[in-house]
Protein chains: 2
Amino acid sequence: MGHSFFCSDNMKDTEQSIIEAAILIFNEDLSAPLEKVAEQAQVTRRTLHRYFKDRNELMKSCKNEIRKACHIAMQNAYNSTEDPIQRLERMFYAGVECGTKDTFLHKLHTLHDHEHQSHDQECSDYDDTFSIWKTHLKFLQKQGLISPMVTIDWVHQLFQGIVAASVTSRNNAAMQLNDVKKLGWFSFSRGIGL
Amino acid sequence: MGHSFFCSDNMKDTEQSIIEAAILIFNEDLSAPLEKVAEQAQVTRRTLHRYFKDRNELMKSCKNEIRKACHIAMQNAYNSTEDPIQRLERMFYAGVECGTKDTFLHKLHTLHDHEHQSHDQECSDYDDTFSIWKTHLKFLQKQGLISPMVTIDWVHQLFQGIVAASVTSRNNAAMQLNDVKKLGWFSFSRGIGL
DNA sequence: AAAGAATGTCTCAGTAATGGGACATTCTTT
DNA sequence: AAAGAATGTCCCATTACTGAGACATTCTTT
């Protein structure tokens with residue numbers, strides 16, 4: 001997906017690092033100047049423009065990267081075990097491990113001017129990513145494993161909120177990934193009445 | 001704090017609505033063009049500029065508004081009861097009721113390039129607002145009322161994460177304030193091992 | 001209805017952000 | 001060490017955003 005059909009590993013690396021940088025920057029400031037993204041990627045703005053025609057192209061790549069990463073992580077977590085509770089736990093960890101990507105994905109789909117439409121390809125991809133998750137939740141609730149007082153939508157919001165808290169703790173308070181996962185899961189599992 | 005020492009109620013209203021609009025917009029997009037803020041406030045960009053010299057002035061006013069609102073709400077919640085658990089509950093509700101203001105305040109202080117410094121007036125104000133809160137938490141933990149496995153910092157992040165989830169549920173899923181508060185408190189109280 | 005206050009409209013100059021050409025420099029590979 | 005790839009430097013045209021003057025319009029108050 002570079003600017004030509006054949007590209008070296010170097011180019012793939014640079015392209016990837018720009019995307020990662022953009023996800024970090026845009027997550028905090030959607031309209032940040034591209035200079036900041038380049039800076040974060042330790043690259044010149046000129047180089048950034050060699051890989052991405054404009055802001056929209058870059059954003060598109062970010063969204064693709066995010067969807068891919070989150071979707072795969074969720075899928076793997078789901079398939080890693082048969083036990084329903086452990087599945088939920090692994091999926092939570094997947095969210096935390098996706099870190100900023102997960103929080104950014106969620107943010108993009110809760111912008112107040114974002115009209116969620118399933119005929120939109122982006123939205124249906126988003127829905128796909130979390131459909132496994134939501135289906136699983138309904139199953140757990142039917143089994144009486146999680147509290148009947150919480151709605152599926154609330155659990156989804158709570159999930160995202162606690163993942164965000166975990167990511168912030170990791171970045172800001174320099175906590176270890178494992179500690180953050182443990183705390184996050186403790187709070188999340190209890191928070192849904194498990 | 002308008003553009004003159006004496007100003008009518010109209011001016012205060014407009015100024016206030018611009019600030020509220022700015023908090024909404026900037027919370028989602030820090031570098032959004034001021035046009036968007038004006039639009040949200042149902043006002044011309046020209047009018048916006050009559051009240052605020054530039055972006056920085058507007059941002060300063062937003063921060064003041066936010067600090068004031070959150071600080072007062074927290075204080076009132078704290079003073080509204082003697083019971084330590086109920087205090088915690090009321091403070092949580094205060095956070096949810098402050099809505100975007102609370103989430104924005106938290107966001108501003110967790111930006112990855114934001115160096116938190118207590119000698120900075122803004123930061124110390126932020127610390128003040130949550131010092132009551134944190135002190136109270138330490139008390140609860142010493143009493144053995146909340147789990148010893150969660151750290152104070154984690155509870156703070158969790159608090160903000162669940163408030164954010166509540167605010168999103170309210171805006172996005174059009175849930176009632178009371179329902180959101182109930183769900184939020186259910187998850188938060190259990191999430192800290194209460 | 002008249003006076004004054006507040007906002008809107010139109011305009012424009014100044015500034016910042018963007019996208020990309022031309023060439024130099026550095027890095028990779030052989 | 002030479003060739004080719006990738007990036008950096010410098011530059012410039014275009015566009016978007018900003019801040020404010022001058023005047024028209026609307027709203028408020030009396």
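To find a chain, count down the sequence lines: A is the first, B the second, and so on, and within it residues start at 1.
Judged by distance alone, the side chains of A:Asp29 and B:Ser31 do bring a donor and an acceptor atom under 3.5 Å apart.
Taking every heavy atom of residues 31-47 of chain B and every atom of DNA chain D, pairs under 4.0 Å involve B:Pro33, B:Leu34, B:Arg45, B:Arg46, by number.
For A:Tyr51 and D:dT7, the shortest distance from a side-chain N or O to OP1 or OP2 is below 4.0 Å.
Side-chain contact between B:Ser166 and A:Trp154 is present, with heavy atoms from C-beta onward closer than 4.5 Å. Contact of the B:Gln75 side chain with the B:Ile132 side chain is registered, since non-hydrogen atoms from C-beta on lie closer than 4.5 Å. Within the 4.5 Å cutoff, no side-chain heavy atoms of B:Gln141 are placed close to those of B:His136. Here the side chains of B:Lys142 and B:Lys138 are not in contact, with every heavy-atom distance at 4.5 Å or above.
Within the shown strands, C:dT25 is the pairing partner of D:dA6 under the Watson-Crick or G-U definition, both distances less than 3.5 Å. Shown here, C:dC12 forms a base pair with D:dG19; the pair counts as Watson-Crick or G-U wobble because both key distances fall under 3.5 Å. A 3.5 Å limit on both hydrogen-bonding distances identifies C:dA17 as the Watson-Crick or G-U partner of D:dT14. Applying the Watson-Crick and G-U wobble criteria (two distances, each under 3.5 Å), D:dT30 pairs with C:dA1.
Nearest heavy atoms, B:Val150 versus B:Ile192: CG2-O, 4.1 Å.
Ring pair A:Phe159/A:Trp133: centre-to-centre distance below 6.0 Å.
Distance B:Glu57 CD to D:dT18 P: 15 Å, rounded to the nearest Å. For the pair A:Asp54 CG and C:dT18 C1', the computed distance is 9 Å after rounding to whole Å. Residue B:Phe52 contributes atom CZ, which lies 16 Å from atom C1' of D:dA20 at whole-angstrom precision. Between the P atom of D:dT18 and the CG atom of B:Leu58 lies a distance of 11 Å, rounded to the nearest Å. Atom pair B:Leu30:CG and D:dC17:P shows a separation of 16 Å (rounding to whole Å applied). Taking atom CE of B:Met11 as the reference point, atom P of D:dC27 lies 18 Å away to the nearest angstrom. As rounded to whole Å, 18 Å separates atom P of C:dA5 from atom CG of B:Asp13. Between A:Arg50 atom CZ and D:dA6 atom P there is a gap of 11 Å when expressed in whole angstrom units.
Where A:Asn56 and B:Leu48 meet DNA chain C, the nucleotide closest to each residue was compared, and B:Leu48 sits on the side nearer the 5' end.
Of the candidates C:dT18, D:dT7, C:dA6, the closest approach to any side-chain atom of A:His49 belongs to C:dT18.
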